[in-house]
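Structure record follows, encoded as structure tokens.
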Amino acid sequence: MSDSDGKKTLGLRGSGSRPGNVKQSFSHGRTKNVVVETKRKRVVVPKPGAGKGGAGGVAAGDASRRPAGISDAEMERRLKALQAAKARESEEAAQREAEEKARAEERERRRAEQEVKEREQREAEERARQKAEDEERKRKEDAEAAKRAAAEKAAPKADKTAGAPAEARGPAGAAKPAAQAPRKAEREREERGRGTKVRNDGGRRSGKLTLSQATGGEGGRQRSVASMKRKQERARQKAMGQIEREKVIREVQLPEAIVVSELANRMAERVADVVKALMKMGMMVTQNQTIDADTAELIIEEFGHNVVRVSDADVEDVIKEIIDADDDLESRPPVITIMGHVDHGKTSLLDAIRDAKVVSGEAGGITQHIGAYQVTTDSGAVLSFLDTPGHAAFTSMRSRGAQVTDIVVLVVAADDSVMPQTIEAIAHAKAAGVPMIVAINKIDKPAADATRVRTELLQHEVIVEAMSGEVQDVEVSAHTGQGLDELLEAIALQSELLELKANPDRAAQGAVIEAQLDVGRGPVATVLVQKGTLRQGDIFVVGEQYGKVRALINDKGERVQEAGPSVPVEVLGLNGTPEAGDVLNVTETEAQAREIAEYREHAAKDKRAAAGAATTLEQLMQKAKDDETVSELPILVKADVQGSAEAIVQAMEKIGNDEVRVRVLHSGVGAITETDIGLAEASGAPVMGFNVRANASARNTANQKGVEIRYYSVIYDLVDDVKAAASGLLSAEIKENFIGYAEIKDVFKVSNVGKVAGCLVTEGVARRSAGVRLLRDNVVIHEGTLKTLKRFKDEVAEVQSGQECGMAFENYEDIRPKDVIEIFERVEVTRTLD
């Protein structure tokens with residue numbers, strides 16, 4: 001190929017269009033230079049070693065071999081470019097070689113895996129074949145043993161036949177061989193087992209052809225393996241002279257009502273036999289019907305079993321309280337609950353202890369869930385903390401936190417002192433009978449006054465050590481970290497005095513702190529283990545729900561295999577969302593857990609029905625009367641966790657008075673679904689979502705049916721909106737404002753008008769649109785409106801005090817001089833709920 005100067009060029013590698021390609025130029029058969037083509041430009045570099053400079057390049061003084069206008073620096077740069085192109089080429093080659101090697105290794109690995117899989121499959125087939133051969137060999141051995149036993153039993157009969165008289169022998173008068181006797185006896189037993197009548201025809205039918213013989217036995221009905229085994233077992237027992245085993249007398253537990261099939265199962269009798277016995281008693285029932293305990297007792301006695309009468313509540317006997325021996329008890333971490341008024345710094349104080357940022361994730365800066373955390377102090381002590389909300393609506397949460405705790409840390413803000421929820425927390429701690437430690441928080445603020453806090457606590461019988469009492473008090477600051485070490489020391493000291501112990505080697509028992517419905521994980525319960533050790537795979541019952549522990553997750557989000565006493569964990573694997581505060585108990589079998597959960601569910605349903613049912617005629621009439629006089633605001637509540645839903649329902653029950661009330665149609669946890677929208681549309685109720693959202697189908701359905709969905713993240717806003725909506729159902733209050741008085745001086749009779757009173761406005765103002773009352777001797781004799789109000793001959797809207805006017809009443813003319821007219825206006829005042 002030729003370049004632009006007519007020089008002949010030879011490509012050293014590949015195509016000349018790629019960067020770094022090198023071409024060598026020739027002119028008249030002698031090498032002059034090297035041409036390097038890059039992506040953007042063409043560089044001409046003298047061939048290394050071509051001149052007097054040797055391999056290092058062109059000598060500085062050899063200007064005749066260097067192209068005109070190119071300096072030493074340019075030559076150096078071009079040489080470096082050439083070397084860089086070669087280096088890139090070698091790197092690419094090495095990279096291709098590495099990739100090829102990796103692909104070869106991957107192919108080798110897959111080939112090895114395939115060989116391992118094929119070898120395992122061949123081994124499994126070999127094991128299955130060997131197992132089948134062993135079973136076939138065992139079956140044949142059992143059959144041979146049965147034949148030998150039958151032959152041994154038939155041998156005496158053969159001996160007796162050999163010694164019989166000539167009349168008992170064959171037709172020729174010769175005795176039959178002794179060896180034919182066992183075969184004949186065996187054939188007779190087989191025919192007798194098939195129900196065939198055995199005839200001693202001397203073998204006259206042996207030569208006849210049967211259908212089975214003609215077809216070779218193919219296509220006929222064959223006996224199953226189980227039938228053959230039963231036949232062999234019967235033959236073996238008959239040969240050994242065994243008799244039928246005696247009937248097993250069972251203790252049959254009989255509840256108040258039982259299904260026929262379950263009764264047969266408990267007696268280990270056939271269902272058909274039980275149904276037949278009931279029909280003999282005149283009861284036409286099937287196996288799926290329920291019979292009462294008295295009838296079932298008669299059936300049990302007829303079948304010869306013993307009756308043990310139990311109640312439905314006896315199913316919970318499997319989770320009775322177990323008293324642990326002192327030798328089995330081991331020390332456990334204390335459970336500390338942080339309690340106090342809202343915005344007094346409870347969560348911030350716990351964050352400072354944990355060195356975390358939990359408060360930053362709370363909506364509105366307030367805690368609305370119970371948080372469970374475990375902290376390891378610098379001294380190595382392990383502490384379990386519960387953080388409870390301080391809002392007034394979360395009373396039940398604080399009560400639940402106080403019931404499962406060992407120590408209560410009462411947080412009081414030094415600049416705010418004792419508040420209503422502080423007093424409530426003190427009451428909960430005293431009711432639970434747990435020791436208390438007062439943490440005076442926000443001590444770094446300028447308005448902090450710790451002495452005032454200690455003094456106000458005296459009013460509630462809380463005497464701190466600084467006031468010569470027994471309750472420990474520590475001044476702390478969650479912002480600066482002041483006093484945190486002293487607080488942890490006080491907690492450690494209090495826990496040592498309590499000597500907290502538990503038995504980790506027993507079935508676990510714990511309390512549900514919080515429960516929620518997670519979209520990806522299903523029902524999730526935060527459980528504080530109190531006794532025993534909860535392990536993955538345990539079967540448990542909690543309230544009206546049951547399940548199997550699928551996973552345990554600690555407070556750091558890590559998956560653990562087990563949780564001992566005083567350890568808070570999230571439990572996955574429930575069949576439904578339990579109530580916050582329910583007790584978790586581990587059971588031995590899933591059947592026990594399911595039976596307990598179903599009993600509790602039925603009991604709770606009956607209790608709810610009994611609470612809302614009217615049993616007498618007076619109650620029915622009163623309920624109907626109340627429904628007519630009381631206006632209801634129906635709502636649906638869906639929350640993220642069970643504790644929040646419980647707190648919202650309790651707050652809604654407190655809204656209302658004798659005229660209006662809020663009715664929660666349904667409350668639950670999890671996202672708002674299409675079913676919730678359907679219930680809200682049928683009831684004309686809005687849907688309140690607390691930290692949850694509606695799914696796509698629910699949103700579309702709500703838009704189509706006009707159902708209002710409101711989302712909230714702070715409980716204050718939800719309560720205020722519902723209270724405002726309920727206030728709109730209140731009838732407006734009519735208020736009267738007295739605006740004036742007038743005295744009748746004389747009465748005139750005017751044609752086409754009637755009697756007209758000549759009046760003097762003595763006080764205020766008289767208006768045409770206002771209402772009037774006629775007073776005679778300070779007694780109201782008429783109340784109505786004005787027909788006319790005139791000043792001289794003109795109709796006017798109002799008359800000021802001290803002026804005379806004429807008034808005529810609408811549909812009333814019994815007016816006399818010296819009567820007093822009271823003028824007033826009615827104003828509607830909108831009422832609100834407190």
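The chain is numbered in sequence order, starting from 1.
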Would you say Asp640's side chain and Asn691's backbone share a donor-acceptor pair under 3.5 angstrom? no

Just by distance, with hydrogens left out, do Asn700 and Ser697 show a side-chain donor and acceptor under 3.5 Å apart? no

Thr587 vs Thr589 side-chain heavy atoms within contact, under 4.5 Å: no

Would you say the side-chain atoms of Lys638 pair up with the backbone N or O of Ala671, donor to acceptor, closer than 3.5 Å? yes

So how far is it from Leu636 CG to Glu681 CD, rounded to the nearest 0.5 Å? 12.0 Å

Walk me through whether Arg710 and Asp721 qualify under salt bridge (Lys or Arg N to Asp or Glu O under 4.0 Å). CA-CA 10 Å; Arg710 291 196 176 189; Asp721 284 1; 3.6 Å; yes

Is there side-chain contact between Glu708 and Val687, with heavy atoms separated by less than 4.5 Å? no

Closest approach of Ala490 and Val474, non-hydrogen atoms and distance? CB-CG2, 4.3 Å

Min side-chain heavy-atom separation Ile407-Thr337 under 4.5 Å: no

More than 12 heavy atoms of other residues, nucleotides or ligands under 6.0 Å from NZ of Lys548: yes or no? no

To the nearest 0.5 Å, what is the distance between OG (Ser667) and CD1 (Ile635)? 9.5 Å

Can you confirm whether Ile338 sits close enough to Phe385 that some side-chain heavy atom of one is under 4.5 Å from a side-chain heavy atom of the other? yes

Evaluation steps, side chain to side chain contact (heavy atoms under 4.5 Å, CB included), between Val586 and Ile539: CA-CA 6 Å; Val586 173; Ile539 299 170; 5.9 Å; no

Greater than 12 external heavy atoms within 6.0 Å of Arg693's CZ: yes

Would you say Arg332's side chain and Ser566's backbone share a donor-acceptor pair under 3.5 angstrom? no

Between the main-chain N or O of Asp717 and the side-chain N or O of Asp720, is there a donor-acceptor pair closer than 3.5 Å? no

Side chains of His344 and Asp416: closer than 4.5 Å at any heavy-atom pair? yes

Just so I know, are the side chains of Pro420 and His341 near enough to count as touching, which here means a heavy-atom distance under 4.5 Å? yes

Distance-only polar pair, side chains of Gln472 and Glu465, donor-acceptor under 3.5 Å: no

Does Gly532 offer a backbone N or O that forms a donor-acceptor pair with the side chain of Arg506 under 3.5 Å? no

About how many Å separate CD of Gln592 and CZ of Phe540, when rounded to the nearest 0.5 Å? 15.0 Å

Does one side chain, of Thr533 or Glu562, offer a donor that lies under 3.5 Å from an acceptor on the other? no

I'd like to know if Arg452 pairs up with Asp415 as an ion pair, taking the criterion as any Lys NZ or Arg NE/NH1/NH2 lying under 4.0 Å from an Asp or Glu carboxylate oxygen. no

Under the side chain to side chain contact (heavy atoms under 4.5 Å, CB included) test against Pro334, which residue among Leu383, Thr405, Leu498 passes? Leu383

Would Gln530 and Gln509 satisfy side-chain hydrogen bond (donor to acceptor under 3.5 Å, both in side chains), going step by step from the backbone distance to the final call? CA-CA 6 Å; Gln530 296 172 308; Gln509 178 181 335; 4.6 Å; no

In the structure I gave you, are the side-chain heavy atoms of Val637 and Tyr712 within less than 4.5 Å of one another anywhere? no

Flag the pair Glu674 and Arg699 as a salt bridge only when some basic side-chain nitrogen lies within less than 4.0 angstrom of an acidic carboxylate oxygen. no

If every non-hydrogen atom of Ala694 is compared with every non-hydrogen atom of Ile709, which pair is closest and at what distance? CB-CD1, 4.1 Å

When you measure from the side chain of Ser384 to the backbone of Val335, do you find a donor-acceptor pair of N or O atoms at a distance under 3.5 Å? no

Paired with Leu487, the side chain to side chain contact (heavy atoms under 4.5 Å, CB included) test is passed by just one of Asn441, Asp473, Ile353, namely Ile353

Quick check: does any side chain N or O of Ser644 sit under 3.5 Å from a backbone N or O of Val641, one acting as donor and the other as acceptor? no

Do Glu475 and Lys442 pass the salt bridge (Lys or Arg N to Asp or Glu O under 4.0 Å) test, and can you show the C-alpha distance, the side-chain angles, and the key distance before you say yes or no? CA-CA 8 Å; Glu475 297 180 2; Lys442 302 183 181 181; over 6 Å; no

Partner residues of Ser477 under the side-chain contact (heavy atoms from CB on, under 4.5 Å) criterion, sequence neighbours left out: Ile443, Asp444, His479, Thr480, Gln482

Close side-chain approach of His666 to Leu679, heavy-atom, < 4.5 Å: yes

Closer than 3.5 angstrom, by distance alone: can the side chain of Asn695 be matched with the main-chain N or O of Ala698 as a donor-acceptor pair? yes

Going from CD on Glu514 to CD on Glu570, what distance comes out if it is rounded to the nearest 0.5 angstrom? 10.5 Å

Point-to-point distance, once rounded to the nearest 0.5 Å, from CG of Leu500 to OG of Ser331: 8.5 Å

Which value, rounded to the nearest 0.5 Å, describes the distance between Leu534 atom CG and Gln561 atom CD? 11.5 Å

